[in-house]
There are 2 protein chains.
Amino acid sequence: MTDPVLIDELKTLVEPGKVLTDADSLATYGKDWTKQYAPAPSAIVFPKSVEQVQAIVRWANERKVALVPSGGRTGLSAAAVAPNGEVVVSFDYMNQIVEFNATDRTVVCQPGVVTAQLQNFAEEKGLYYPVDFASAGSSQIGGNIGTNAGGIKVIRYGMTRNWVAGLKVVTGKGDLLELNKDLIKNATGYDLRQLFIGAEGTLGFVVEATMRLERQPTNLTAMVLGTPDFDSIMPVLHAFQDKLDLTAFEFFSDRCLDKILARGDVPAPFETRAPFYALLEFEATTDERADQALATFERCVNEGWVVDGVMSQSEQQLQNLWKLREYISETISHFIPYKNDISVTVSKVPAFLADIDAIVSQNYPDFEVLWYGHIGDGNLHLNILKPQALSKEEFFEKCATVNKWVFETVERYNGSISAEHGVGMTKRDYLAYSRSQAEIDYMKAIKAVFDPNGIMNPGKIFA
Amino acid sequence: MTDPVLIDELKTLVEPGKVLTDADSLATYGKDWTKQYAPAPSAIVFPKSVEQVQAIVRWANERKVALVPSGGRTGLSAAAVAPNGEVVVSFDYMNQIVEFNATDRTVVCQPGVVTAQLQNFAEEKGLYYPVDFASAGSSQIGGNIGTNAGGIKVIRYGMTRNWVAGLKVVTGKGDLLELNKDLIKNATGYDLRQLFIGAEGTLGFVVEATMRLERQPTNLTAMVLGTPDFDSIMPVLHAFQDKLDLTAFEFFSDRCLDKILARGDVPAPFETRAPFYALLEFEATTDERADQALATFERCVNEGWVVDGVMSQSEQQLQNLWKLREYISETISHFIPYKNDISVTVSKVPAFLADIDAIVSQNYPDFEVLWYGHIGDGNLHLNILKPQALSKEEFFEKCATVNKWVFETVERYNGSISAEHGVGMTKRDYLAYSRSQAEIDYMKAIKAVFDPNGIMNPGKIFA
């Protein structure tokens, strides 16, 4: 769509100045954190109300214009990229917290509320919004819902899905639906709210969300433990899970630690080096709890599963231990990594990881493989760094081969080719490794129900 | 369908003797716990494998025969009643626990596994299946999933939905779908698993479910507190929620207690009588926790929210306190109650309850109204007992008028006409009080995707 008549029509639907078509805006709002597809939208529109969103959708249906929903654009699957002349619908001006209910512990958010904004709001109210991840400072609630965002606290608090009490959506047909009305118990037919969570904007727009809050955790305490091999991490997880309600259980390899320490601004957890590290977190609500954690640590050392470890004694130490894990993604981004975000059931993790490791090292012995992730929920982030000697093109060509091996292994282990980053365009052609053709056909038929003209984020999830 | 040729065809699809057409079987398997609709199925079929379920569905599509899924038949909305010559598909012979994984804390269940069977299995493994309700001794997992069963521990553990890691379903078209593969994180398109949970068998059959287990709760302790009025129950809820992770927060009126004490087999919680009672439960993991509970109790007394109370000191006392709440439904069933299962957001409960009370007492001052329910999640069970002087017919006629007032009030409070009992046939004609016409249209269109010939439990949820 480059028809100026259409742009003029679009301008009548929103406030003055709320349609942008300059090259900078198109480039900025036309893409997410992926770099694979060149942004080429026709226009960026900024609605300020539900009515304006509905007007845009109705107009798009009439004119057969494709729409791309746009939040914080921190996505890693190109689900919010507009490569084909689409109109990008940005929620930057629908970013208010509308209502707070202390009894229900709920917050009504416009879709453009930034994750950290909700987290801070909750804290001000003495409560807690527990979904947290590296891009919380710019990701928006609407996008979190569209991708069912996960992150570092899933083992205890679950995905974004768990925290959505109610949703207002505008479907691809332009209908405004008020889904679930913020109820805890509501057995009145299909829970359509669940369909929109994780739909990557292919069924319609989230225009308001009621999010639940939780009590604040008490005295969060982290431990970092070095293990002699990967296989030891699983019994460590069990040992701690039997004794404590963990709020996180992450892992990273020594190679990841190397990169972090090379930054110079994060202290080493302890002197001993180990091939792998587990980072776990729990609420030290009482001294008894902390003692249990220490006793479990000692048991793990005696069993030979842990070679050294440290427990945070202050908020500062807690933050420093978390930096070891949370800074990895940003730190390695300078090495041009090939990235994958995959999951299997927790019990299959060790065999799965060993298989992938073997395949990559046999075929590309010069590739540096970095593993880290949310092992408590079976979610592994596989990263391969570009060797200096290889050009970017050669590297990504070889990575396409790696991709195939990785996804074949995922399929063999009954896993997911996208644990928490969504499908978008980057995983679209691999969807069949995780979903059967029958499932894909049902998904397409459901899309046709909500979006018969195919105007909502076309080309995302499936072609 | 009474065509003997069709019955003979059906017999070829399952093992010998696994199609029943005798009057007793038709009457038994043709109904659930509701008594409103006379059962009139054509046959009862008992598949023993997924393949047999698929064969039945394919045959039903060819012959345009309606199928009704049947589990423990403990439903309260007539979703599992067969009033129109349908074939009832019973899962009584698909009742095995197939697999257990200690690392993933998952159990693979056939749909006919009884809730208590899963609860006991979990306990044997040192774990816990937390969804619990009065009919756990006979309800089946397939039915729990079909209705998204809730019960008494929802405030802490959520509905059945939260515990379904993966589902195998046979759709109304006969396709076998393996949904979510038991993964914790899986961002690969629409989560079709969620659609089948709570669909009351209108989209297809659940033929296998992987259920999650949880660590066992430690030293569960209950308190029963008498309050001077209903409004005092909410600040009591807040006071305890601020200090403890509650596993339950129930309430019942003094009239309910009267009925329970009249049984003669349950001791009174304490001597003082109060208009309302709260029953709360928490894990007394440490002495500190129990002390916190007692301190909060004292605070509630000082504030005037509580007039008397008791805390369980043993497993036996815990059981006895729970009987005060759990025996209500069974005890009052002899009084021919009009029942409703409704919900609003927790903050709206006091005003909502007062409104309904006022409407009923103004119009039918001779009606005895009994309230109890899961107040921690906004779910109220409204019960009105038939006055001796009224005939059953007159009573239910007047109740139809009450129904209208109740549902109008529910609509005004943005609540649900069915909190946890489903829609089935009993709430079908009232669905529009909780779901918009647009939502209902989308639901019907989704049903058509999975069940184009309308063979799956027709007439349930919507006509």
Side-chain angles (χ1 to χ4, degrees), chain A residues 101 103-104 106 147-148 150 154 159 171 175 177-178 181-192 194-195 197-199 215 234 238 241-242 286 288 343-347 374 377-379 414-423 427 431 434-436 438-439 442-443 445-446 449-450 461, chain B residues 101 103-104 147-148 150 154 159 171 175 177-178 181-192 194-195 197-199 215 234 238 241-242 286 288 343-347 374 377-379 414-423 427 431 434-436 438-439 442-443 445-446 449-450 461-462:
Chain A
N101 187 312
T103 300
D104 296 328
T106 49
T147 56
N148 189 23
V154 169
M159 313 288 283
T171 69
D175 294 312
L177 304 183
E178 203 182 320
K181 300 174 176 175
D182 313 344
L183 299 165
I184 297 176
K185 284 183 172 175
N186 182 15
T188 54
Y190 315 151
D191 191 348
L192 302 180
Q194 307 292 346
L195 265 183
I197 300 170
R215 72 159 175 79
M234 303 312 282
H238 295 162
Q241 244 171 350
D242 280 350
T286 59
E288 206 180 317
S343 73
V344 292
T345 55
V346 176
S347 58
H374 319 288
D377 51 46
N379 181 188
N414 238 347
S416 175
I417 59 155
S418 184
E420 57 176 1
H421 293 170
V423 179
K427 301 283 176 69
L431 188 57
S434 277
R435 306 290 295 259
S436 69
E439 276 188 88
Y442 281 114
M443 287 198 274
I446 288 170
V449 165
F450 289 94
I461 302 182
Chain B
N101 188 312
T103 300
D104 297 328
T147 56
N148 189 23
V154 168
M159 312 288 284
T171 69
D175 294 313
L177 305 182
E178 204 183 319
K181 299 172 177 177
D182 313 344
L183 298 164
I184 298 176
K185 283 183 173 176
N186 181 16
T188 55
Y190 315 150
D191 191 348
L192 302 181
Q194 307 292 347
L195 265 184
I197 299 170
R215 74 160 173 78
M234 304 309 283
H238 296 161
Q241 244 172 351
D242 280 351
T286 59
E288 207 179 314
S343 74
V344 293
T345 55
V346 177
S347 59
H374 319 288
D377 51 46
N379 180 189
N414 238 346
S416 174
I417 58 154
S418 184
E420 57 177 1
H421 293 170
V423 179
K427 302 281 177 70
L431 189 57
S434 277
R435 307 290 294 257
S436 69
E439 276 188 89
Y442 281 112
M443 288 200 271
I446 288 169
V449 165
F450 288 94
I461 302 183
F462 19 66

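From a predicted model like this one, the values you see are computed outputs, not experimental measurements. Convention: sequence-line order gives letters A, B, ...; per-chain numbering from 1.
- Between chain B and the residues A/Asn186, A/Leu177, A/Asp175, the largest count of heavy-atom pairs under 4.5 Å involves A/Asn186.
- Exactly one residue among B/Thr345, B/Val344, B/Val346 makes a side-chain contact (heavy atoms from CB on, under 4.5 Å) with A/Ile184. That residue is B/Val346.
- The distance from atom CG of B/Leu183 to atom OG of A/Ser416, rounded to the nearest 0.5 Å, is 6.0 Å.
- Among A/Ile446, A/Asp182, A/Asn148, A/Ile461, the residue with the largest count of heavy-atom pairs under 4.5 Å with chain B is A/Ile446.
- Note that OG1 of B/Thr171 and CD of A/Glu439 are 11.0 Å apart. Values are rounded to the nearest 0.5 Å.
- For A/Glu288, the part sitting under 4.5 Å from any heavy atom of chain B is the side chain, from C-beta outward, and nothing else.
- Between A/Tyr442 and B/Phe450, the two ring planes are parallel [angle under 30°; tilted spans 30° to 60°].
- If you take CG on A/Leu195 and CD on B/Gln194, they are separated by 9.0 Å, rounding to the nearest 0.5 Å.
- Taking A/Met159, A/His421, A/Lys427 one by one and counting their heavy-atom pairs under 4.5 Å with chain B, the maximum is reached by A/Met159.
- Ranked by non-hydrogen atom pairs under 4.5 Å with chain B, the options A/Gly378, A/Ser436, A/Ala199 are led by A/Ala199.
- Residues A/Leu192 and B/Arg435 are in side-chain contact: their nearest non-hydrogen atoms beyond the backbone lie under 4.5 Å apart.
- Scanning for salt bridge (Lys or Arg N to Asp or Glu O under 4.0 Å) contacts around A/Asp191 gives A/Arg193, B/Arg161, with sequence neighbours left out.
- The most heavy-atom pairs under 4.5 Å with chain B, out of A/Ile197, A/Thr147, A/Asn414, A/Val423, come from A/Asn414.
- When the salt bridge (Lys or Arg N to Asp or Glu O under 4.0 Å) test is applied to B/Asp377, the partners found at least two apart in sequence or on another chain are A/Lys185.
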